[in-house]
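To keep things clear, I will list the structure first and then write my remarks on it.
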Amino acid sequence: MVVEADRTRAAQSELDQPVGLISPRRLGFAVKIAGRPDLKDHDSRRWQNEPHLRVSLEYLDRIFDYLAEHGIRMYRLSSDIAPYSTHPDLPQFHHQIEESREALAAIGARARDLDLRLSMHPAQYIVLNSPHEHVADASIRDFAHHADFLDALDLDLDAKIVTHTGGVYGDRDAAAERFVRRYEALPESVRRRLVLENDEVSWAVEEILPIHERTGIPLVFDTLHHAVNNPSGIAPHEALHRCLATWPVGQMPKIHVSTQRSANREVSRRGPGSATRSLVSVAAKPGQHDDWIDGGDFLAFLAGAGEVRFDVMLEAKQKQLALLRLREDLRAAGQAHDIW
DNA sequence: CGATGTCAAGGAATC
DNA sequence: GATTCCTTGACATCG
């Protein structure tokens, strides 16, 4: 059976670890499966057509097939998996978790069988520290829904909900204060899963560390965001270590890794008012994700990381294809035993 | 059928 | 105060 074979390989890999050589335990990717339009990540029909979580879970089962086939053990679920489930004007969609209990239990059991680490990352509209109470309230409801969903899968506490701090609104201290106050008022079901990621514009590592100190919330280190937003110039590995240290004993920390899109690239574009496509050179904006992960950069980052362990969520446009290619790059560099 | 418009939701920068 | 960008794809409708 595939699962048993994977477990055996897992045990073997642990034994093969050279003493002192540090590695992530898992490589994961987010939501969409590149090049496989048949593998949908959620039921995306409009509300008029009554989309449902049960349909999304059938899709997810097919994605799990793919993950099992490729030995991938970390995956970010779509936050739209239960369509309109917190939409204020569509209460008829608010009970999908209850309506899907059995399917949720089954897919959760399968995730555990496959030793899959799952996570979620609510959309940009979820802003806990917003000065607008209605935005904060909607965010709290959304977090609670995400937690209920992961709980319905009966997943352990490595299954996290990732968020950003939010805005600054011209007063950083007040913005941090709102985050802390509202975090502390969150239900335990949310607090035990919520983790905070440094972002690319407003809240750098040095600015979320104080929030961790006040709340205990674990920090997800994002390498690209740190490269783009690092006002006091903290060295990447220093930032990494500080974030890893915020995780409780017994939970495996995770980080986000991506490669920045290079300055110029050729893309196929549809001309204005015309149906024909042609190759055009466009400038990339700073902080954009590249299609792939640079294997050399990744290896160098690991080599300098020291005696620490963490899982790695890859954020690349080519999704799981970037993960598979990175594996090949690492294998070519003699690090295959070392990487999941 | 291909092209175009739309989608629940926010924040920041710019004017 | 209003507009645009961010970023994303696929559904839904229009011509």
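Just so it is clear: chains get the letters A, B, ... in the order the sequence lines come, proteins before strands, and each one is counted from 1. Predicted model, so just to flag it, every value in this text is computed and none were measured.
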Contacts of A:R45 meeting side chain to side chain contact (heavy atoms under 4.5 Å, CB included) (sequence neighbours excluded), chain-then-number -> A:D43, A:N49, A:P51, A:V55

A:E197: what forms a salt bridge (Lys or Arg N to Asp or Glu O under 4.0 Å) with it, not counting sequence neighbours?
-> none

Looking at residues at least two apart in the chain, or sitting in another chain, which of them share a salt bridge (Lys or Arg N to Asp or Glu O under 4.0 Å) with A:D61?
-> A:R110

Just grab all the ring-ring contact (aromatic ring centres under 6.0 Å, His included) pairs involving residues 134-153 of chain A, residues at least two apart or on different chains.
-> A:H132-A:H134

Set of residues satisfying side chain to side chain contact (heavy atoms under 4.5 Å, CB included) with respect to A:K319, sequence neighbours excluded = A:F29, A:A30, A:K32, A:A34

ring-ring contact (aromatic ring centres under 6.0 Å, His included) partners of residues 176-221 of chain A, not counting sequence neighbours, each pair once = A:F221-A:H226

Summary of side-chain hydrogen bond (donor to acceptor under 3.5 Å, both in side chains) pairs that have at least one residue in residues 151-165 of chain A, sequence neighbours excluded = A:D151-A:R192, A:D151-A:R193, A:K160-A:Q251

Assign a letter to each nucleotide of nucleotides 10-15 of chain C from its 5' end: B, base within under 4.0 Å of a protein heavy atom; S, sugar-phosphate only; -, no contact.
-> BBS---

What stems, by residue range, does DNA chain B take part in, given at least 3 consecutive Watson-Crick or G-U pairs under 3.5 Å?
-> B:1-7 with C:9-15, B:10-15 with C:1-6

Under the side chain to side chain contact (heavy atoms under 4.5 Å, CB included) test, residues paired with A:P210 that sit two or more places apart = none

Can you check each nucleotide of nucleotides 10-15 of chain B against protein heavy atoms at under 4.0 Å and return B for base, S for sugar-phosphate only, - for none, in 5' to 3' order?
-> BSS---

Residues forming a side chain to side chain contact (heavy atoms under 4.5 Å, CB included) with A:D329, sequence neighbours excluded | A:R325

